[in-house]
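Down below is the structure, laid out as structure tokens.
Residue numbers start at 1 and run along the sequence shown. Only heavy atoms go into these numbers, but all of them, side chains included; no hydrogens, no water, no symmetry mates. Both counts, for ligands and for their atoms, begin at 1 and track the order of listing.
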Amino acid sequence: MSVKAYLGSIFYLTDDPAVIKAPDCYCYWPDGMLVCEDGMITAVGPRDEVEKTLPEAAEIIDHSGSLIIPGFIDTHIHFPQLDMIASFGEQLLDWLERYTFPEEAKFKDPAHAKECADFFLDELLRNGTTTALVYGTVHKQSVDALFEEALARNMRLITGKALMDRNVPEAVRDTTAESSDRDNRELIERWHGKGRLGYAITPRFAPACSDEQLTLAGKLLREHPEVLMHTHLSENVSEIDWVKDLYPTAKDYLDVYDRFGLLTNQSVFAHCVHLEGQEFQRMAERGAAISYCPTSNLFLGSGLFNMKEAEKYGVDVGLGTDVGAGTSFSLLQTMNEAYKVCHLRGHKLDAFKSFYLATLGGAKALNLTDKVGSLEVGKEADFLVLDMHATPLLSRRLKHANTVEETLFVLSMLGDDRTISHTYVAGVCQHRKS
Ligand code: GUN
Ligand code: ZN
């Protein structure tokens with residue numbers, strides 16, 4: 001493959017701004033050059049320096065005037081909830097019964113799953129998301145469909161079939177704990193490590209999984225330490241009460257997963273809105289990660305995630321859109337809501353931290369920092385070109401932005417899918433705004 005050199009302003013995080021203070025946590029070159037070969041980043045830096053090292057045959061692609069940043073990482077999203085996003089009026093448990101489970105039942109049909117997978121992945125790319133941790137339905141054909149389409153786009157995508165063998169309608173229930181374990185094993189064998197794909201063992205949430213199913217999930221995770229574990233935790237007050245009824249002797253909600261061997265450094269827990277201090281502490285000790293889903297937590301009336309506590313205990317956090325409880329595929333819009341939620345909690349989420357959560361922080365949560373999340377040499381060439389004139393208001397406001405931090409903050413407040421002008425996946429342009 002040929003060498004390609006991209007011109008533009010270049011920005012990416014190298015560390016968590018809450019730990020390594022700005023400006024030591026990022027790289028920024030207003031007149032930069034990013035060089036890619038065979039889907040990998042081979043050079044990056046100020047244009048005048050990098051240009052000198054280019055081979056004669058390099059092709060130059062001019063994105064001057066635009067901002068080049070790493071592809072976004074969505075650490076929690078449901079692909080089968082596409083057609084019931086924006087469903088009115090319910091909190092979590094009623095929302096699942098009334099809208100979600102009937103919708104997910106449709107994924108028994110592989111043709112429906114394929115059509116949705118196709119749209120879903122294009123929508124991720126249109127919004128600048130190049131890596132995602134995704135829920136399938138209980139049906140293994142939903143996972144096959146998503147992996148097939150992600151492979152065709154060469155995306156770094158992690159998914160798994162939802163495990164759910166109790167307290168859910170029959171149409172979305174596993175036949176037995178053993179049958180779900182067989183499905184998981186078959187899917188890991190077929191897909192994990194193929195192209196840029198990865199598998200996640202995906203218990204729906206504790207109330208929907210029998211002890212037997214969670215036991216088998218823990219056993220499988222021990223046998224396959226290379227796969228992720230992805231579930232929901234402590235999202236909604238009624239959900240937490242239900243878990244208390246089901247597990248009266250558990251220390252807390254997190255302890256339920258821990259009892260079954262599901263609290264490890266491969267674990268990603270979505271929401272964590274109502275965690276207690278000792279739960280943050282145990283998550284940090286085990287190296288587990290949180291997916292912070294502000295648009296969903298607001299939409300379902302679940303509550304306000306406490307980012308400051310996560311920072312205090314040193315728990316890894318990424319951002320999740322959580323579509324279809326979340327209301328946008330856009331990580332820029334998700335940053336917008338994340339900022340407001342932190343504000344309500346008395347905490348100022350700065351723009352460096354927001355972009356960290358949507359890129360390198362997400363990569364850290366998914367244990368992928370050796371591959372994606374920044375534009376350092378040796379990483380996979382997943383990057384975005386941002387249109388600084390995407391809307392008249394954005395263009396006007398950015399004229400008054402005096403620092404890169406202010407520019408990023410304005411992008412995170414006013415940006416959305418219209419801001420994503422190009423999405424490059426492993427060095428190939430997979431979305432270009434028309
Ligand atoms: N908890 C269990 N299932 C779900 C789901 O589909 N969405 C959200 N937001 N929470 C859940
Ligand atoms: Zn979810």
Side-chain angles (χ1 to χ4, degrees), residues 74-87 89-107 116 120 132-139 142 146 158-169 171-174 200-210 213-214 217 228-243 246 253-254 256-257 262 267-275 289-305 318-329 334 337 341 362 365:
D74 189 339
T75 58
H76 182 69
I77 183 165
H78 298 251
F79 112 82
Q81 296 178 7
L82 203 57
D83 291 337
M84 43 69 69
I85 186 172
S87 290
E90 307 296 355
Q91 289 215 352
L92 176 66
L93 299 178
D94 293 327
W95 175 87
L96 285 170
E97 286 293 327
R98 180 163 172 199
Y99 301 115
T100 313
F101 294 146
E103 188 61 37
E104 294 195 6
K106 297 178 189 164
F107 286 73
C116 289
F120 175 83
L133 175 59
V134 188
Y135 257 73
T137 63
V138 70
H139 317 95
S142 74
L146 192 62
I158 306 163
T159 188
K161 78 165 232 94
L163 303 175
M164 38 209 287
D165 70 344
R166 66 165 172 174
N167 295 325
V168 294
V172 290
R173 199 187 311 146
D174 281 302
I201 299 167
T202 310
R204 177 108 214 179
F205 65 160
C209 305
S210 67
Q213 190 169 48
L214 292 176
L228 290 187
M229 199 293 298
H230 180 202
T231 193
H232 295 98
L233 172 66
S234 212
E235 173 178 4
N236 168 283
V237 172
S238 305
E239 171 210 13
I240 296 164
D241 288 344
W242 192 12
V243 172
L246 291 169
Y253 194 163
L254 183 66
V256 175
Y257 293 122
L262 298 171
S267 308
V268 181
F269 295 97
H271 305 288
C272 300
V273 172
H274 305 282
L275 286 194
I290 293 172
S291 176
Y292 171 23
C293 307
T295 76
S296 166
N297 296 338
L298 293 173
F299 180 75
L300 290 182
S302 301
L304 308 175
F305 174 66
L319 278 184
T321 61
D322 195 30
V323 163
T327 49
S328 173
F329 273 79
T334 306
E337 303 285 285
V341 167

What residue and atom, counting heavy atoms only, is the protein's closest point to [atom], and at what distance?
atom: atom 2 (C) of ligand 1; answer: His232 ND1, 3.5 Å
atom: atom 6 (O) of ligand 1; answer: Arg204 NH2, 2.5 Å
atom: atom 7 (N) of ligand 1; answer: Trp95 CZ3, 3.5 Å
atom: atom 10 (N) of ligand 1; answer: Glu235 OE1, 2.7 Å

**OP:** Indicate whether the side chain of Asn236 and that of Ser302 have a donor and an acceptor atom separated by less than 3.5 Å.
**Re:** no

Original post:
Does any donor atom in the side chain of Tyr253 or Glu239 lie under 3.5 Å from an acceptor atom in the other side chain?
Top reply: yes

Original post:
Which angle, to the nearest 10 degrees, do you find at the Zn ion (ligand 2) between NE2 in His232 and OD1 in Asp322?
Top reply: 170°

**OP:** Could you tell me whether His78 approaches ligand 1 through its side chain, its backbone, both or neither, with non-hydrogen atoms closer than 4.0 Å?
**Re:** side chain

**OP:** Measure Phe101 to ligand 1 on non-hydrogen atoms and call it side chain, backbone, both or neither using the 4.0 Å cut-off.
**Re:** neither

Original post:
Parallel under 30°, tilted from 30 to 60°, perpendicular over 60°: which one fits the rings of Phe205 and His232?
Top reply: perpendicular

Original post:
Between His76 and Tyr135, does the ring centroid distance fall short of 6.0 Å?
Top reply: yes

Indicate if the distance from the Zn ion (ligand 2) to the nearest N, O or S atom of [X] falls below 2.8 Å.
X: His78; result: yes
X: Glu235; result: no
X: His76; result: yes

Original post:
Among the heavy atoms of Glu239, does any lie under 4.0 Å from an atom of ligand 1?
Top reply: no

**OP:** Using modelled atom types only, decide if a donor and an acceptor are shared between the side chain of His78 and the backbone of Val134 within a distance under 3.5 Å.
**Re:** no

**OP:** Mark yes or no for whether Gln213, through its side chain, and Cys209, through its backbone, hold a donor-acceptor pair below 3.5 Å.
**Re:** no

Subject >> Side-chain ion pair, Lys161 and Asp174, N-O less than 4.0 Å >> reply: yes

Original post:
Between Glu104 and Arg204, is there a salt bridge with N-O shorter than 4.0 Å?
Top reply: yes

State the atoms of ligand 1, each with its element, that fall below the 4.0 Å cut-off from a heavy-atom position in [X].
X: Asp322; answer: 8 (C), 9 (N)
X: Ala325; answer: 9 (N)
X: His271; answer: 9 (N)
X: Leu92; answer: 1 (N), 8 (C), 10 (N), 11 (C)

**OP:** Identify the two heavy atoms, one from Pro80 and one from Gly136, that lie closest to each other, and give their separation to 0.1 Å.
**Re:** CG-C, 3.8 Å

**OP:** Over all heavy atoms of both residues, which pair between Ser328 and Val323 is shortest? Give the atoms and the distance, please.
**Re:** O-CG2, 3.5 Å

